[in-house]
Amino acid sequence: MPRPISAVIHLQNFTHNLSIVRQHVGQAKIWSVMKADAYGHSIQRVWHALAASDGFAILDLDEAILLREQGWQGPILLLEGFFQPDDLQLIDQYQLTTALHSHWQLDALENATVNSAIPVYVKLNSGMNRLGFRPEEYAAVLHRLSAINNVASVTLMTHFANSDTLTGTDKPHQIIKSFIDESLPVCIANSGATLWHPDTHYDWVRSGVILYGASPSGCWQDIADKDLRATMTLQSQIIATHDIAKGESIGYGSKFTATHPMKIATVACGYADGYPRHAPTGTPTWLNGMRCPILGAISMDMLTIDISDCPEAKIGDRVELWGKNLPIDDVAQAAGTIGYELMCALAKRVPVKYEN
Ligand SMILES: *Cc1c(COP(=O)(O)O)cnc(C)c1O
């Protein structure tokens, strides 16, 4: 018997979540964001379930080439553009769309010899200060691009730092608005803006985490009314149970000490599986229809839960760490992180099943 831990990827929930996004954006086209190997789910295994997307947005040329070799013929967007001038040869060969955020990329594009002109997304730095041209140089960049023969089309692009708040898109949206006219398409909305700022949808949205059923704000309550469904369940089993007395401690560092007699269970899941080591006492797990809190420190291969309210629980019972019954956001929030990080961090040693 292998160690009883596995992840299940729910392919039909991708298709469902994409249809929810479609309802939100109306006529706008959807880039399904699949960077980081589809947020830890495997591009190769899940892209078919998202084949009704208008395009796929990724980071690495390798990911783009994989998608082409898998048979995807639609648009592919490189969200951070290319990392060296030579990459333009592959962008040309595989017919990719590239973001542009720096002057050296304009130079490279101008100097490249390509078979067909390349569609570009020109990134405006609207306040996040990560990538993009500053507002005061943006018009000149657009002007310069209009004269480069290697450019097939130009789309305006920016990225929001605070799309999960009520007014978070106001200022950056205002900044890019001064460049928006009828002549060029616009793509600025990430998941938060897809859900909560319909005025930012324009021609294309770039939706990521909501396709995976998690909240852009990190708080599941914020998407509770959206009918988005989990795409990843992490599950394991109880491998030991104990009755402990008042005053006894649990795990490394004896971080939890019982103040009354308790029934506890050891679960075969630890930080080497991608479970967050910083998850404190009280972080929820799901057992037999109940939430059972974690007690003490997370070990490399195991964690401990309180089953005092679940006295019939026994060795071999299934424990869900996150997924269909327990939103990944609730676990992430308890551990001081976001669902995005937990998905991406699923460890290689966890066997993954893909289920329709
Ligand atoms: C990751 C990313 C997105 C998607 O973000 P979500 O919050 O997952 O929707 C969109 N645009 C860019 C540029 C990104 O890097």
Side-chain angles (χ1 to χ4, degrees), residues 13-14 17-18 20-22 24-25 28-41 43 46-47 50 53-61 63-64 75-83 96-102 105 120-133 155-165 168-169 172-173 176 185-198 200-220 222-223 226 228 230-232 327-329 332 337-345:
N13 287 355
F14 278 102
N17 293 341
L18 180 61
I20 299 279
V21 172
R22 190 70 78 189
H24 275 267
V25 304
K29 292 186 176 177
I30 301 167
W31 289 111
S32 290
V33 180
M34 292 205 302
K35 60 190 181 193
D37 206 13
Y39 291 43
H41 292 65
I43 290 177
V46 309
W47 77 270
L50 290 170
S53 307
D54 298 293
F56 289 113
I58 43 93
L59 274 200
D60 268 323
L61 273 169
E63 294 178 324
I76 298 177
L77 171 63
L78 295 171
L79 285 166
E80 292 177 13
F82 47 94
F83 297 92
L96 311 179
T97 301
T98 182
L100 294 176
H101 59 78
S102 289
Q105 291 175 320
V120 301
Y121 272 51
V122 193
K123 192 150 187 189
L124 170 72
N125 173 7
S126 59
M128 198 171 186
N129 289 314
R130 219 170 49 168
L131 291 180
F133 299 100
T155 300
L156 307 185
M157 173 188 192
T158 195
H159 192 52
F160 295 126
N162 301 291
S163 66
D164 54 334
T165 65
T169 59
H173 190 189
I176 200 164
V186 177
C187 174
I188 61 178
N190 55 5
S191 285
T194 300
L195 289 184
W196 299 312
H197 301 283
T200 64
H201 290 170
Y202 293 97
D203 302 278
W204 285 83
V205 299
R206 304 186 304 272
S207 306
V209 81
I210 51 179
L211 295 171
Y212 307 87
S215 174
S217 69
C219 177
W220 191 76
D222 292 340
I223 58 162
K226 302 293 185 193
L228 293 164
T231 54
M232 178 190 288
I328 196 168
D329 293 314
T337 183
I338 49 179
Y340 298 73
E341 188 184 18
L342 299 191
M343 296 175 188
C344 292

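Start at 1 and go down the list; that is how both ligands and their atoms are numbered. Just so you know, these numbers use all the heavy atoms, side chains as well, and skip hydrogens, waters and symmetry mates.
- When all heavy atoms of A64 and L96 are compared, the closest pair comes out as CB-CD1, 3.7 Å.
- Residue-environment remark: NZ (K29) stays at or below the threshold of 12 foreign heavy atoms within 6.0 Å.
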Evaluation steps, ring pair (Phe, Tyr, Trp, His ring centres under 6.0 Å), between F14 and H41: CA-CA 11 Å; F14 278 102; H41 292 65; 5.5 Å; yes
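- Closest to atom 9 (O) of ligand 1, if we only count protein heavy atoms, is S191 OG, 2.5 Å.
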Going through the distances and angles, do S217 and D222 end up as a side-chain hydrogen bond (donor to acceptor under 3.5 Å, both in side chains)? CA-CA 7 Å; S217 69; D222 292 340; 2.6 Å; yes
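- For atom 12 (C) of ligand 1, the closest non-hydrogen atom on the protein side is H159 CE1, 3.4 Å.
- Not a single donor-acceptor pair under 3.5 Å links the side chain of T98 to the backbone N or O of L78.
- Per-residue contacts place V33 under 4.0 angstrom from the following atoms of ligand 1 (heavy atoms of the residue considered): 4 (C).
- At the top of the distance list for atom 7 (O) of ligand 1, counting protein heavy atoms only, stands Y340 OH, 2.6 Å.
- Polar contact check, L79 against ligand 1: no nitrogen or oxygen pair lies under 3.5 Å apart.
- Listed by number with element, the atoms of ligand 1 under 4.0 angstrom from any heavy atom of Y39 are 1 (C), 4 (C), 5 (O), 6 (P), 8 (O).
- In terms of heavy-atom proximity, A332 sits nearest to I338 at CB-C, 3.4 Å.
- The shortest N/O to N/O separation between R206 and ligand 1 falls below 3.5 Å.
- Contact annotation for P216 and ligand 1: no heavy atom of the residue comes within less than 4.0 Å of the ligand.
- Contact atoms of ligand 1 toward V209: 6 (P), 8 (O), 9 (O) (distance under 4.0 Å to a heavy atom of the residue).
- Residue K35 has at least one N or O atom closer than 3.5 Å to an N or O atom of ligand 1.
- In this structure, S191 contributes its side chain and V209 its backbone to a donor-acceptor pair below 3.5 Å.
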